[in-house]
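Every number for a ligand or one of its atoms is a count from 1 in the order of the listing.
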Amino acid sequence: MFGYGAKNEFVVENRTVVITGGSDGMGRAVAMQLAEKGANVVIVARTVSKLQAALEGITAAATNPKQRFHFISADLTDAAECERVLEEVTAWNEGMPPDVVWCCAGFCNPGFFVDVPIQTQRQQMDTVYWTAANTAHATLKKWLAPIHPSAQMSLPKRHLIFTCSTLAFVSIAGYGPYSPAKAAIRSLSDTLSQEIEMYNGARAQRHQNAAPAADVKIHTVFPMGILSPGFDNEQKLKPALTKKLEEADKPQTPREVATVAIDALERGEYLITTMFVGHVMKGTALGPSPRNSLIGDTLLSWLSSLVFLQVIPDLRGKAFKWGKTNGLPNGN
Ligand SMILES: NC(=O)C1=CN([C@@H]2O[C@H](COP(=O)(O)OP(=O)(O)OC[C@H]3O[C@@H](n4cnc5c(N)ncnc54)[C@H](OP(=O)(O)O)[C@@H]3O)[C@@H](O)[C@H]2O)C=CC1
Ligand SMILES: CCCCCCCCCCCCCCCC(=O)[C@@H](N)CO
């Protein structure tokens, strides 16, 4: 929770939330929990049958008969489809854009770089990076449109949330098709977290000048493994070496990941990790990102830099030893 007496920085009651990838895994768990907290929820994914089944469960999680639920089928690798989704949600939401957009769409196709066709690697960039960037673009174009001072209303902060992976901080052999796309999301998130301040600054003068309708905050969640249908699929493709190198990962349920992430959003955090190993992976890679807590994150980065003195050679050493013992993956 956000702590006794502290302010909840992520109020969703009576507000409208869009969750991409909301038909399965973590996205569906997030949708259920935000419905439990009183949000109106729109889930977006490609497969209609999965959307219908998920929406039933999400609707049943509602706590107030006034809450509304909707699904939209769209392939978010197509930017025009993301614009359509935002238009449809705005029309459904009585002309108001959504208050929260959470990008969860994506899946992982692991494999060694030279073994995975380059076309598949481009597709990973499309499904992981571009679904998020397209959704962010369509959303922010709506949110940041200038509103004349006479038409300004008092609106609460809007939230754009990306879902990354701790692999964006520390990549592992066998994730070449996937980690770069997640690292690109992290970079976009850092860029936007700075750029958005210009708009929030302009809004401080909204009584004199045209400005966006509400302040905007950016967040990014970095889960470890999530026990989802996507994960089951990924395990079938994953090289044995990759499984060995990620032994420190004890996958969490979608519900656990959603709960931890929402709690962190309620505390107002920016880069969100969901368990101890994830915190340490973040700590080694904080770089120029805004901190959640100056002291906490600085101590974490010191701890991590010590831990990683051992982890970096360990990962490389295990890869070397694997090749020495087992030969090439398909060399027989
Ligand atoms: N599972 C894991 O171990 C980890 C996952 N993550 C990330 O967390 C997020 C959720 O993962 P997970 O819970 O495994 O998800 P799942 O693989 O279980 O579900 C993925 C969701 O995304 C949708 N989706 C996929 N491609 C598109 C597309 N092109 N357009 C629209 N919707 C799409 C799927 O529906 P449909 O196929 O019908 O479109 C589905 O709703 C992802 O971003 C993933 O990369 C991060 C760390 C670990
Ligand atoms: C004490 C600190 C030690 C740190 C050791 C680092 C070990 C690496 C763990 C790799 C974990 C990968 C999780 C993300 C998985 C993911 O995103 C995919 N499953 C995609 O779906």
Side-chain angles (χ1 to χ4, degrees), residues 19-31 43-55 71-78 81-82 85 102-110 123-124 126-132 134-135 161-175 177-179 181-183 185 220-235 237-238 242-255 257-258 261 273-285 300 303-304 306-312 314-315 318:
I19 301 158
T20 76
S23 67
D24 232 331
M26 174 183 166
R28 185 173 61 178
V30 162
I43 54 171
V44 187
R46 291 165 304 180
T47 318
V48 171
S49 53
K50 280 201 302 181
L51 283 161
Q52 280 168 334
L55 200 74
F71 74 77
I72 300 175
S73 164
D75 182 347
L76 302 172
T77 59
D78 179 351
E81 281 293 87
C82 289
V85 166
W102 192 327
C103 305
C104 280
F107 59 82
C108 170
N109 186 320
Q123 282 163 3
Q124 277 281 274
D126 281 339
T127 19
V128 174
Y129 177 73
W130 281 108
T131 56
N134 289 339
T135 304
I161 306 155
F162 295 108
T163 306
C164 237
S165 158
T166 51
L167 290 167
F169 299 130
V170 178
S171 194
I172 297 292
Y175 279 117
Y178 173 81
S179 301
K182 287 297 192 189
I185 296 183
T220 301
V221 181
F222 298 77
M224 300 284 286
I226 308 167
L227 297 165
S228 65
F231 185 77
D232 295 341
N233 202 41
E234 150 189 347
Q235 287 304 84
L237 301 168
K238 195 173 280 174
T242 308
K243 289 184 180 163
K244 167 135 190 88
L245 297 181
E246 65 178 10
E247 264 169 356
D249 180 25
K250 301 288 171 254
Q252 292 169 294
T253 62
R255 194 170 174 86
V257 176
T273 37
T274 64
M275 61 148 89
F276 181 71
V277 178
H279 304 328
V280 177
M281 290 169 79
K282 175 173 75 175
T284 200
L300 176 68
L303 169 74
S304 297
L306 290 178
V307 171
F308 270 82
L309 287 177
Q310 190 262 325
V311 171
I312 302 161
D314 180 61
L315 292 171
K318 278 179 177 153

> In ligand 2, which numbered atoms sit nearer than 4.0 Å to a non-hydrogen atom of D249?
Replying inline: 11 (C), 13 (C)
> Can a donor-acceptor pair be found between the side chains of Y178 and E234 at a distance below 3.5 Å?
Replying inline: no
>> Only heavy atoms of C108, strictly under 4.0 Å: list the atoms of ligand 2 that pass.
In response: 20 (C), 21 (O)
> Should the proximity of K182 to ligand 1, defined as any heavy atom under 4.0 Å, be assigned to the side chain, the backbone, both, or neither?
Replying inline: side chain
> Quick one: nearest non-hydrogen protein atom to atom 7 (C) of ligand 2, plus distance?
Replying inline: L245 O, 4.1 Å
> Atoms of ligand 2 less than 4.0 Å from Y178 heavy atoms?
Replying inline: 17 (O), 20 (C), 21 (O)
> Which atoms of ligand 2 have any heavy atom of E234 under 4.0 Å away?
Replying inline: 18 (C), 19 (N), 20 (C), 21 (O)
>> Within ligand 2, which atoms have a heavy atom of T166 less than 4.0 Å away?
In response: 13 (C), 14 (C)
> Among T163, T20, T135, whose side-chain hydrogen bond (donor to acceptor under 3.5 Å, both in side chains) with W102 holds?
Replying inline: T163
> Got the closest protein heavy atom to atom 5 (C) of ligand 1, with its distance?
Replying inline: I226 CD1, 3.6 Å
> Who's the nearest protein heavy-atom neighbour of atom 22 (O) of ligand 1, and how far?
Replying inline: G21 CA, 3.4 Å
>> So, 4.0 Å and heavy atoms of F107: is ligand 2 close enough to count as a contact?
In response: no
>> If we only consider heavy atoms of I172, is any one of them less than 4.0 Å away from an atom in ligand 2?
In response: yes
> Considering only heavy atoms of G225, which atoms of ligand 2 have at least one such atom less than 4.0 Å away?
Replying inline: 13 (C), 14 (C)
>> Under a 4.0 angstrom heavy-atom cut-off, which atoms of ligand 2 come close to S165?
In response: 14 (C), 16 (C), 17 (O)
